[in-house]
**Q** 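Sending over a structure as structure tokens; questions will come in a sec.
Counting starts at 1 for both ligands and their atoms, in listed order.
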Amino acid sequence: MENGNEGLFISFEGNDGSGKTTQIRLLSQWFESCGREVVHLREPGGTFIGEKIRDLLLDNENKGMEPVTEMLLYAASRAQLMRSVILPALAGNAVVICDRFVDSSYAYQGFGRQLGLEVVRAANEKAIDGHMPNLTFFLDLDADTSMARRQASGMATDRLENEEMAFHRRAHDGYRMLCDTSGERIKRIAVLEGDRQRTPEDVAAEIRAHVIGWQKNEPGFNSNSARGG
Ligand code: TYD
């Protein structure tokens with residue numbers, strides 16, 4: 001297994017407003033109904049120190065933050081989360097579901113900020129120490145629709161969300177490119193069907209089916225895995 005542990009490590013990716021929160025909740029509930037312990041985390045954050053880094057990153061007053069500073073702060077939050085929460089949880093056989101992981105840095109800092117993939121990879125090398133998710137779901141919703149949804153929710157917008165649309169469009173294009181080059185790890189899930197939005201239940205069923213299929217093809221996966229549907 002890619003994470004080198006007994007547990008299962010799943011990340012969710014996509015533009016702000018693509019529906020990750022709902023899908024993470026539904027997948028967590030399903031795993032729990034199958035008797036698995038689920039640890040649900042978010043990036044940046046998920047630890048005491050990481051939440052402080054999150055505040056720095058998302059604070060609208062920090063408009064002057066350099067792209068490299070931003071990239072390193074995301075990596076620092078990730079390093080803390082990886083060592084103090086993710087690895088212990090995986091060693092304890094939990095299902096770790098992370099709202100964003102290193103692919104966010106590739107998409108937003110690599111493509112959005114145009115730092116390039118190699119710079120982002122090098123900055124994150126020590127943070128993740130070779131531990132990648134077993135599965136990543138990319139909720140594919142174009143940047144304009146996701147931002148419109150996010151704004152319609154009426155919630156306050158943070159420093160990243162207040163970036164120009166070109167930044168969000170580059171991040172979305174970046175995700176698509178990562179999907180094309182990451183082999184089977186990243187599963188693209190279309191949020192729209194034509195110009196209609198799929199129901200959360202429909203999207204959740206596709207995600208569950210993919211998890212079940214992955215488990216069947218993973219000989220090393222432990223017998224305590226969630227099965228059924
Ligand atoms: P958050 O409110 O958690 O966004 P969402 O609810 O959409 O996940 O804010 C996280 C923001 O940080 C989001 O705009 C994406 C950005 N981000 C990066 O730019 N790089 C990263 O490595 C990560 C993890 C997030």
Side-chain angles (χ1 to χ4, degrees), residues 9-25 27-28 40-47 49-60 62-63 65-82 85-86 96-117 119-128 131-133 136-175 178 186 189 191:
F9 182 15
I10 298 177
S11 61
F12 276 75
E13 298 284 353
N15 283 58
D16 301 277
S18 57
K20 289 184 278 94
T21 310
T22 304
Q23 291 308 321
I24 289 171
R25 180 172 50 77
L27 188 64
S28 300
H40 169 195
L41 302 164
R42 70 170 176 184
E43 277 210 0
T47 63
I49 292 166
E51 291 295 324
K52 290 185 172 179
I53 298 174
R54 178 186 177 87
D55 289 344
L56 274 177
L57 280 162
L58 301 186
D59 186 346
N60 279 308
N62 291 337
K63 287 207 178 358
M65 190 179 290
E66 289 291 335
V68 171
T69 310
E70 180 181 286
M71 171 185 73
L72 292 171
L73 284 173
Y74 279 113
S77 170
R78 186 164 297 132
Q80 186 71 18
L81 188 67
M82 178 55 89
V85 184
I86 297 178
V96 173
I97 303 185
C98 206
D99 187 343
R100 303 189 177 282
F101 193 62
V102 70
D103 297 303
S104 280
S105 285
Y106 285 127
Y108 287 87
Q109 282 66 55
F111 289 89
R113 298 285 188 221
Q114 299 177 299
L115 289 174
L117 290 184
V119 169
V120 174
R121 191 203 58 74
N124 278 276
E125 195 168 10
K126 196 63 198 155
I128 64 175
H131 300 285
M132 285 297 280
T136 297
F137 290 101
F138 163 48
L139 299 188
D140 188 357
L141 183 62
D142 65 275
D144 294 80
T145 311
S146 8
M147 195 46 71
R149 266 174 63 159
R150 184 70 185 73
Q151 278 160 355
S153 75
M155 286 163 72
T157 45
D158 59 43
R159 185 179 66 90
L160 272 287
E161 285 160 341
N162 288 330
E163 277 296 334
E164 56 184 20
M165 274 315 295
F167 169 77
H168 295 288
R169 290 188 194 117
R170 283 197 297 274
H172 182 257
D173 290 346
Y175 273 131
L178 292 171
I186 304 184
I189 305 282
V191 176

**Q** Provide the number and element of each atom of ligand 1 under 4.0 Å from a heavy atom of Gln109.
**A**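 That gives atoms 18 (C), 19 (O), 20 (N), 21 (C), 22 (O) of ligand 1.
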**Q** Note the single closest protein heavy atom to atom 18 (C) of ligand 1, along with its residue, its atom name and the distance in Å.
**A** Tyr74 CZ, 3.2 Å
**Q** Give me the nearest non-hydrogen protein atom to atom 10 (C) of ligand 1 as residue plus atom name, then the distance to 0.1 Å.
**A**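 The closest one turns out to be Pro44 CD, 3.9 Å.
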**Q** Does Met165 have more than 12 heavy atoms from other residues, nucleotides or ligands lying within 6.0 Å of its CE?
**A** yes
**Q** How many angstroms lie between CD in Glu43 and CD in Glu13, if you round to the nearest 0.5 Å?
**A** 8.0 Å
**Q** Within the structure, is a non-hydrogen atom of Arg54 found at a distance of less than 4.0 Å from ligand 1?
**A** yes
**Q** Please determine if Asn15 has a nitrogen or oxygen closer than 3.5 Å to a nitrogen or oxygen of ligand 1.
**A**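 There is no such contact.
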**Q** Could you find the nearest protein heavy atom to atom 9 (O) of ligand 1 and give me its residue, atom name and distance?
**A**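 Result for atom 9 (O) of ligand 1: Leu58 CD1, 3.8 Å.
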**Q** Within the distance-only criterion (no hydrogens, no angle test), does the side chain of Ser18 pair as donor or acceptor with the backbone N or O of Asp140 below 3.5 angstrom?
**A**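 No; zero donor-acceptor contacts below 3.5 Å.
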**Q** Below 4.0 angstrom from a heavy atom of Glu43, which ligand 1 atoms are there? Numbered from 1 as shown, please.
**A**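 This gives 24 (C) as the contact atoms.
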**Q** Rounded to the nearest 0.5 Å, how far does CD of Gln80 lie from OG1 of Thr47?
**A**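 Rounded to the nearest 0.5 Å, the OG1-CD separation comes out at 4.5 Å.
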**Q** For Arg78, is the nearest heavy atom under 4.0 Å from an atom of ligand 1?
**A** yes
**Q** How long is the span from the OH atom in Tyr106 to the CZ atom in Phe101, to the nearest 0.5 Å?
**A** 10.0 Å
**Q** Among Asp16, Val191, Asn15, which one satisfies side-chain contact (heavy atoms from CB on, under 4.5 Å) with Arg149?
**A**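 Exactly one candidate clears the test, Val191.
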**Q** Salt-bridge test for Arg42 and Glu51: reply yes if a basic N is under 4.0 Å from a carboxylate O, no otherwise.
**A**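 So Arg42 pairs with Glu51 through a salt bridge.
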**Q** What residue and atom, counting heavy atoms only, is the protein's closest point to atom 22 (O) of ligand 1, and at what distance?
**A** Ser105 OG, 2.5 Å
**Q** Which of the atoms in ligand 1, numbered in the order shown and given with their element, are less than 4.0 Å from a heavy-atom of Lys20?
**A**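 Matching atoms, with element in brackets: 5 (P), 7 (O), 8 (O).
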**Q** Look at atom 13 (C) of ligand 1 and say which protein heavy atom is nearest, naming residue and atom and giving the distance to 0.1 Å.
**A** Asp16 OD1, 3.3 Å
**Q** Ignoring hydrogens and angles, state whether a donor on the side chain of Ser11 or Thr136 is under 3.5 Å from an acceptor on the partner side chain.
**A**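 Checked: Ser11/Thr136 side chains pair up, N/O donor to acceptor below 3.5 Å.
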**Q** What part of Val102, side chain from CB on, backbone N/CA/C/O, both or neither, has a heavy atom under 4.0 Å from ligand 1?
**A** neither
**Q** For ligand 1, does Asp99 get within less than 4.0 Å through its side chain, its backbone, both, or neither, judged by non-hydrogen atoms?
**A**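 Side chain only.
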**Q** The test is side chain to side chain donor-acceptor pair (under 3.5 Å); show your working for Asp144 and His168 and say whether it passes.
**A** CA-CA 8 Å; Asp144 294 80; His168 295 288; over 6 Å; no
**Q** Between Leu160 and ligand 1, find which residue part has any heavy-atom pair under 4.0 Å and reply side chain, backbone, both or neither.
**A** side chain
**Q** Does any N or O atom in Glu70 lie less than 3.5 angstrom from one in ligand 1, N or O only?
**A**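 Glu70 vs ligand 1: no N/O contact under 3.5 Å.
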**Q** Got a salt bridge between Arg170 and Glu163, using NZ or NE/NH1/NH2 to carboxylate O under 4.0 Å?
**A**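 Answer for the salt bridge query: no.
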